[in-house]
A.B. asks: 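What follows is a structure written as structure tokens; I'll ask about it next.
When reading the values below, keep in mind they use all heavy atoms of this one structure, side chains included, and skip hydrogens, waters and symmetry mates.
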Amino acid sequence: MAPRIQSRSVSNLLPYLTSSSSSTSSSIPSLCSSSQSSRHFSVTATQQTKLRRQMFEWLATQGAGLKHHTPGETNYLRLADGTQSNRPFPNNSHFISEPVLSEELRNEVYVRVKEQNKSPRAVSVELGIDMNRIAAVVRLVELERRQREKGNPLALPYARAVHEMIPTTPLAQAGERQIYHEPINDLPVHPATGAQIFYPVPESRPFTRVDAGRVFSGAPMLEKKVGDKITHPSDLAEDVIQKPSSIEWVGKGDKARQVLQPADVRIPHPQLVQLARDRAAFPEERRTVAQRHAERLERQEKAEKERAARTADRRKRSTETIKPPDSRFAFRIQDAVFTEQTVGKDGRAPWAPGRRYGVPRNDRTRGTVKIPTRVNV
């Protein structure tokens, strides 16, 4: 649709619209008068609704204090009593703003792991940080130090701004108790526990979490003499930590799976269960409880180090490293053993060597029968 002609533009064209015909001259005044009498589009104020008016009133009064935040404090909406919480949206009680590690606590994690040679498991218990986050912090701080050594700039202003606007977990001072950053013993739901099983059990027979795990795994019931030795499900944690291969397997072939262990064994820090039991058994002997806990951690770390050393030695013995002269690269050659355990029954197991290059099938070979010859019922 063509734009409308404004009155100002029509009046500017009048001196050029001259003609000797009376019809033309008589039409010009009528055009001019009609254009001058027509009014322009006027802009009227938008009608304010009640909610819109209340919003601007709040922005001018209470909301004005949220334009600038106080460093070190959150800038969230306050509750009715004037206090702040970790919920930025008061009407959404399910959304919680989780804190992040402070700069001092992050550096302390790196110092304890890299410089003091503490295990991530022990640091996780001391500072209340998940082991996966501890590993991520160590890698991040190591990367930052490399960037500083190379002279590359870091996004420090952005990090400071984030730490000033959201809650952080500070590092405890000397003599204070460290605030736990997050739960460290959370256990994900095992897919085997999703099934609903009706398993009748006699009232005279004790049924523990160990038995429930065997039911979910489809394993037979433990023998009575073996079950009588287990006074608490956490008793299995020590054996599993020292020897992970002690976990029983059920099924055959590709469907073989390990028996589901109780939650006391599968949690990231099973030694904390034993620590709580020792505190309940010896409430007045703190030194004895601490000593037993330290010995338990030492045995666990020793078993993990020995297991890692055996794995590295086995990999080193099966791998031959060749570095040609005047070359920047070293080639690691590992012997491939083609057995049913290494390549599977059909040679196409996911862990088989050479799978990434593809294994040609014989379905296009001449004379190959491509139709089913029998039906398995």
A.B. asks: Rounded to the nearest 0.5 Å, how far apart are NZ of Lys229 and CG of Leu236?
C.D. replies: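 The CG atom of Leu236 is 12.0 Å from NZ of Lys229, to the nearest 0.5 Å.
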A.B. asks: Less than 4.5 Å apart, any side-chain heavy atom of Leu222 and any of Val210?
C.D. replies: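 They are in contact (side-chain heavy atoms under 4.5 Å apart), so the answer is yes.
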A.B. asks: Any heavy-atom pair between the side chains of Arg279 and Arg286 that's under 4.5 Å?
C.D. replies: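 Sidechains of Arg279 and Arg286: no contact.
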A.B. asks: Between Arg112 and Lys118 (side chain of the first, backbone of the second, donor and acceptor by atom type, cut-off under 3.5 Å), is there such a pair?
C.D. replies: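 No, Arg112 side chain to Lys118 backbone: no donor-acceptor pair under 3.5 Å.
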A.B. asks: Can you find a pair of side-chain heavy atoms, one from Ser97 and one from Pro167, that are under 4.5 Å apart?
C.D. replies: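 They are in side-chain contact.
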A.B. asks: Grouping I, L, V, M, F, W and Y whenever their side-chain heavy atoms are under 4.5 Å apart, do Val226 and Val240 come out in a common cluster?
C.D. replies: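 Linked, Val226 and Val240 end up in one cluster.
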A.B. asks: Identify the two heavy atoms, one from Pro206 and one from Ser204, that lie closest to each other, and give their separation to 0.1 Å.
C.D. replies: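 The pair with the smallest heavy-atom distance is CD-O, 3.8 Å.
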A.B. asks: Answer yes or no: is there a donor N or O on one side and an acceptor on the other, between the side chain of Glu301 and the main chain of Arg299, under 3.5 Å?
C.D. replies: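 No, because the side chain of Glu301 does not come within donor-acceptor range (under 3.5 Å) of the backbone of Arg299.
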A.B. asks: Output the distance between atom CE (Met55) and atom CG (Leu59), rounded to the nearest 0.5 Å.
C.D. replies: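 These two atoms lie 5.5 Å from each other.
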A.B. asks: Strictly below 4.0 Å, N to O, side chains only: are Arg106 and Glu103 in salt-bridge contact?
C.D. replies: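 So Arg106 pairs with Glu103 through a salt bridge.
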A.B. asks: Under a single-linkage rule joining Ile, Leu, Val, Met, Phe, Trp and Tyr whose side-chain heavy atoms are separated by less than 4.5 Å, which residues share a cluster with Val138?
C.D. replies: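 Listed partners: Leu101, Leu105, Val109, Tyr110, Val113, Val123, Leu127, Ile129, Ile134, Val137, Val141, Leu171.
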A.B. asks: What's the spacing between Met131 CE and Ser119 OG if we round to 0.5 Å?
C.D. replies: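 One finds 9.0 Å between CE of Met131 and OG of Ser119.
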A.B. asks: Excluding sequence neighbours, so at least two apart, what forms side-chain hydrogen bond (donor to acceptor under 3.5 Å, both in side chains) with Ser234?
C.D. replies: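 In terms of side-chain hydrogen bond (donor to acceptor under 3.5 Å, both in side chains), with neighbours along the sequence ignored, Ser234 is linked to His232, Gln274, Arg277.
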A.B. asks: With Arg314, which residues qualify under side chain to side chain contact (heavy atoms under 4.5 Å, CB included), at least two apart?
C.D. replies: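 Testing Arg314 for side chain to side chain contact (heavy atoms under 4.5 Å, CB included), a comparison that skips the adjacent residues, returns Arg310, Thr311, Arg317.
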A.B. asks: Looking only at heavy atoms, which two atoms of Asp239 and Ser246 are closest? And how far apart?
C.D. replies: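 Of all heavy-atom pairs spanning Asp239 and Ser246, the closest is O-OG, 3.8 Å.
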A.B. asks: Tell me if the CD atom of Glu304 is crowded by more than 12 foreign heavy atoms within 6.0 Å.
C.D. replies: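 Yes.
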A.B. asks: What's the spacing between Ser245 OG and Gln258 CD if we round to 0.5 Å?
C.D. replies: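 One gets 9.5 Å once the value is rounded to the nearest 0.5 Å.
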A.B. asks: Short question: side chain of Thr319, backbone of Lys316 - any donor-acceptor pair under 3.5 Å?
C.D. replies: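 Looks like no, no N/O pair under 3.5 Å.
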A.B. asks: Taking Glu182 for the side chain and Asp130 for the main chain, is one N or O donor matched with an acceptor at less than 3.5 Å?
C.D. replies: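 Looks like yes, one N/O pair under 3.5 Å.
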A.B. asks: Got a donor-acceptor contact below 3.5 angstrom from the Asn75 side chain to the Leu66 backbone?
C.D. replies: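 Such a contact is found between Asn75 side chain and Leu66 backbone.
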A.B. asks: What distance separates Glu285 CD from Arg292 CZ, expressed to the nearest 0.5 Å?
C.D. replies: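 That separation rounds to 9.5 Å.
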A.B. asks: So, His163 versus Ser102: side-chain donor-acceptor pair below 3.5 Å or not?
C.D. replies: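 Not at all, the side chains of His163 and Ser102 share no donor-acceptor pair under 3.5 Å.
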A.B. asks: Hydrophobic cluster membership, with links at side-chain heavy-atom distances under 4.5 Å among I/L/V/M/F/W/Y: are Phe56 and Trp58 in one?
C.D. replies: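 Yes; tracing contacts between hydrophobic side chains, which count when under 4.5 Å, links both residues.
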A.B. asks: Would you find a donor on one side and an acceptor on the other, under 3.5 Å apart, between the side chain of Asn107 and the backbone of Glu104?
C.D. replies: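 No, because the side chain of Asn107 does not come within donor-acceptor range (under 3.5 Å) of the backbone of Glu104.
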A.B. asks: Would you please name every residue forming a side chain to side chain contact (heavy atoms under 4.5 Å, CB included) with Ala172, sequence neighbours left out?
C.D. replies: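 Ala172 satisfies side chain to side chain contact (heavy atoms under 4.5 Å, CB included) with Glu176, Gln178 only.
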A.B. asks: Do the side chain of Ser327 and the main chain of Lys323 share a donor and acceptor less than 3.5 angstrom apart?
C.D. replies: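 Looks like no, no N/O pair under 3.5 Å.
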A.B. asks: Give the C-alpha distance, both sets of side-chain angles, the deciding distance and a yes or no for side chain to side chain contact (heavy atoms under 4.5 Å, CB included) between Phe207 and Tyr199.
C.D. replies: CA-CA 11 Å; Phe207 191 82; Tyr199 189 78; 3.9 Å; yes
A.B. asks: Decide if atom CD1 of Ile179 counts as having more than 12 heavy atoms of other residues, nucleotides or ligands within a radius under 6.0 Å.
C.D. replies: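 Result for CD1/Ile179: open.
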A.B. asks: Do His293 and Gln271 come close enough that some side-chain heavy atom pair is under 4.5 Å?
C.D. replies: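 Of all side-chain heavy-atom pairs linking Gln271 with His293, at least one is under 4.5 Å.
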A.B. asks: Identify the heavy atoms of Pro270 and Ala237 that sit nearest to each other, and give their distance.
C.D. replies: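 Residues Pro270 and Ala237, closest heavy atoms: CB-CB, 3.8 Å.
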A.B. asks: Check whether any side-chain heavy atom of Gln147 lies under 4.5 Å from a side-chain heavy atom of Leu154, and answer yes or no.
C.D. replies: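 Yes, at least one pair of side-chain atoms sits under 4.5 Å.
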A.B. asks: What residue pairs, at least two apart or across chains, pass side-chain hydrogen bond (donor to acceptor under 3.5 Å, both in side chains) with a residue in residues 212-227?
C.D. replies: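 Output for this query lists Arg214-Glu248, Lys224-Asp228.
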A.B. asks: Quick check for you: to the nearest 0.5 Å, what is the distance between Gln300 atom CD and Arg296 atom CZ?
C.D. replies: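 Reported value, rounded in 0.5 Å steps: 9.5 Å.
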A.B. asks: Taking atom CZ of Arg307 as the centre, report whether more than 12 heavy atoms of other residues, nucleotides or ligands fall under 6.0 Å from it.
C.D. replies: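 Yes, CZ of Arg307 has more than 12 neighbouring heavy atoms, counting only those of other groups under 6.0 Å.
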A.B. asks: Arg209 side chain to Pro262 main-chain N or O, any donor-acceptor pair under 3.5 Å?
C.D. replies: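 It does not hold such a pair.
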A.B. asks: Shortest non-hydrogen contact from Ile267 to Ala263?
C.D. replies: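 It is CG2-O, 3.0 Å.
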A.B. asks: Which other residues end up in the same hydrophobic cluster as Tyr180, if Ile, Leu, Val, Met, Phe, Trp and Tyr are linked when side-chain heavy atoms come under 4.5 Å apart?
C.D. replies: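 Val125, Ile184, Leu272, Leu275, Phe282, Val289, listed by chain and number.
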A.B. asks: Is Ile166 close to Val100 at the side-chain level, that is, under 4.5 Å between some pair of heavy atoms?
C.D. replies: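 A side-chain contact exists here, since the closest heavy-atom pair is under 4.5 Å.
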A.B. asks: Any heavy-atom pair between the side chains of Pro191 and Phe216 that's under 4.5 Å?
C.D. replies: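 SC-SC contact between Phe216 and Pro191 ruled out.
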A.B. asks: Same cluster or not: are Tyr76 and Phe95 linked, directly or through other Ile, Leu, Val, Met, Phe, Trp or Tyr residues, by side-chain heavy atoms under 4.5 angstrom apart?
C.D. replies: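 Tyr76 does not cluster with Phe95.
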A.B. asks: Check Asp186 against Pro268 and note the closest heavy-atom contact, atom names and distance.
C.D. replies: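 Closest heavy-atom pair between Asp186 and Pro268: O-CD, 3.8 Å.
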A.B. asks: May I ask you to decide if Thr231's main-chain N or O and Asp235's side chain share a donor-acceptor pair within less than 3.5 Å?
C.D. replies: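 Yes, Asp235 side chain to Thr231 backbone: donor-acceptor pair under 3.5 Å.
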A.B. asks: Taking everything shown except Arg287 itself, do over 12 heavy atoms lie less than 6.0 Å from its CZ?
C.D. replies: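 Result for CZ/Arg287: open.
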A.B. asks: Hydrophobic clustering (ILVMFWY, side-chain heavy atoms < 4.5 Å, transitive) - are Val259 and Trp249 grouped together?
C.D. replies: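 Looking at the clustering, Val259 is in a separate group from Trp249.
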A.B. asks: Side chains of Pro324 and Phe331: closer than 4.5 Å at any heavy-atom pair?
C.D. replies: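 In contact.
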